[in-house]
Amino acid sequence: MQEAYKIGNAQSIGSYQIQSSYFASRYDDSRCLAVLADGTADHINGRRCAVLAAEACMHQFKNIPERSEVSVFFESLAAKIVRDMHEIIYLGKTPYLSFSCQYFCDRELYYYSVGGNQVFLFDGSEYHLLKENCGRIRFERGMTAGIISHGVWEALNEKEMISYLIKREHPYDKAQKMIMGVKEKNRKIAGNAAVIVVEGCL
């Protein structure tokens, strides 16, 4: 049986000492969830926050509700992640986390994003940034969606992103080449750069 989704990811630590971004994905025959969290700090707590956020989403994969309730579900989950960050990691200090997720089901893409990440959709010719915090959009076969951290969108412009996405390659290869493109910019103060790419196959 052909896969319903193909997923790729890549990351670079940049000039940081600690990798503060974390991504995860999970899918079954008809649904897919992709998550990218970035602790946005060169500190072990940044990584802990990112890991906590991504793993909380993976743990809740089977509990994602039907269409009309997906956005409310992710808003509630994000609030829980912030509470857990306060209690487990920050001990009362205000945390800052870039947190984005994309959920694919029945040819629909549901997305939720807060912080410095960017969520995008590529339809084969045009590159669209999904700028609202949450929303839903049609996701047909052959389309590509993804999430990029601040370190990626700061380095690569729209034309460069399209040049990677338009190639007939597995999303993993596309993601790896994006990160190589970020590294080739040779920015001395570059932070973490992470990308996750999802392609619809059926």
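Small disclaimer: the values here were computed from a predicted structure and weren't measured.
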Contact check, side chains of Tyr172 and Ile7, non-hydrogen atoms, under 4.5 Å: no
Could you pull out all donor-acceptor pairs under 3.5 Å where a side-chain atom in residues 128-139 meets a protein atom, sequence neighbours excluded?
residue, atom, partner, partner atom, Å
Glu132, OE1, Tyr111, OH, 3.1
Arg138, NE, Glu140, OE2, 3.0
Arg138, NH1, Glu108, OE2, 3.3

Salt bridge (Lys or Arg N to Asp or Glu O under 4.0 Å) involving Arg26 - partner list, sequence neighbours excluded: none
Atom of Val152, atom of Ala194 and distance for their closest heavy-atom approach: CG2-O, 3.4 Å
Value rounded to 0.5 Å, distance of CD in Gln102 from CG in Leu109: 5.0 Å
Residue pairs, two or more places apart or on separate chains, that pass side-chain hydrogen bond (donor to acceptor under 3.5 Å, both in side chains) and touch residues 51-62: Gln60-Asn63
Reported CZ-to-CG distance for the pair Phe61 and Leu33, which is rounded to 0.5 angstrom: 6.5 Å
Which atom of Tyr5 lies closest to which atom of Gly200, heavy atoms considered: CD2-CA, 4.3 Å
Path from Val197 to Ile166 over hydrophobic side-chain contacts below 4.5 Å: yes
Pairwise salt bridge (charged side-chain N to carboxylate O under 4.0 Å, His left out) hits with a residue in residues 159-169, at least two apart: Glu160-Lys185, Glu169-Lys177
Flag, side chain of Trp153 to backbone of Glu158, donor-acceptor distance under 3.5 Å: no
Close side-chain approach of Val195 and Ile179, heavy atoms under 4.5 Å: yes
Non-hydrogen side-chain atoms of Val182 and Ser12 separated by less than 4.5 Å: no
Student check: side-chain heavy atoms of Met85 and Arg48 closer than 4.5 Å: no
Contacts of Asp173 that satisfy side-chain hydrogen bond (donor to acceptor under 3.5 Å, both in side chains) - sequence neighbours left out: none
Considering all heavy atoms, the nearest Ala34-Val198 contact: CB-CG2, 3.9 Å
Set of residues satisfying ring-ring contact (aromatic ring centres under 6.0 Å, His included) with respect to Tyr127, sequence neighbours excluded: Phe120
Expected output: side-chain Ser98 to main-chain Gly116 donor-acceptor under 3.5 Å: yes
Side chain proximity check, Phe74 to Cys101, heavy atoms < 4.5 angstrom: yes
Val35 vs Ser100 side-chain heavy atoms within contact, under 4.5 Å: no
Donor-acceptor pair, side chain of Lys6 and main chain of Glu199, under 3.5 angstrom: no
Approximate separation, where rounding is to 0.5 Å, of Ile196 CD1 and Asn117 CG: 11.0 Å
Minimum heavy-atom distance between Ala145 and Leu121, given as atom pair plus value: CB-CD1, 4.1 Å
Side-chain heavy-atom pair Gln11, Phe23 within 4.5 angstrom cut-off: yes
Separation between CE of Met178 and OG of Ser163, rounded to the nearest 0.5 Å: 8.0 Å
Rounded distance (nearest 0.5 Å) linking atom OH of Tyr103 with atom CD1 of Ile64: 5.0 Å
Between OH on residue Tyr22 and CG on residue Asp38, distance to nearest 0.5 Å: 14.0 Å
CE/Met180: more than 12 non-hydrogen atoms of other groups inside 6.0 Å: no
Minimum heavy-atom distance Gly181-Tyr164, with the two atoms named: CA-OH, 3.4 Å
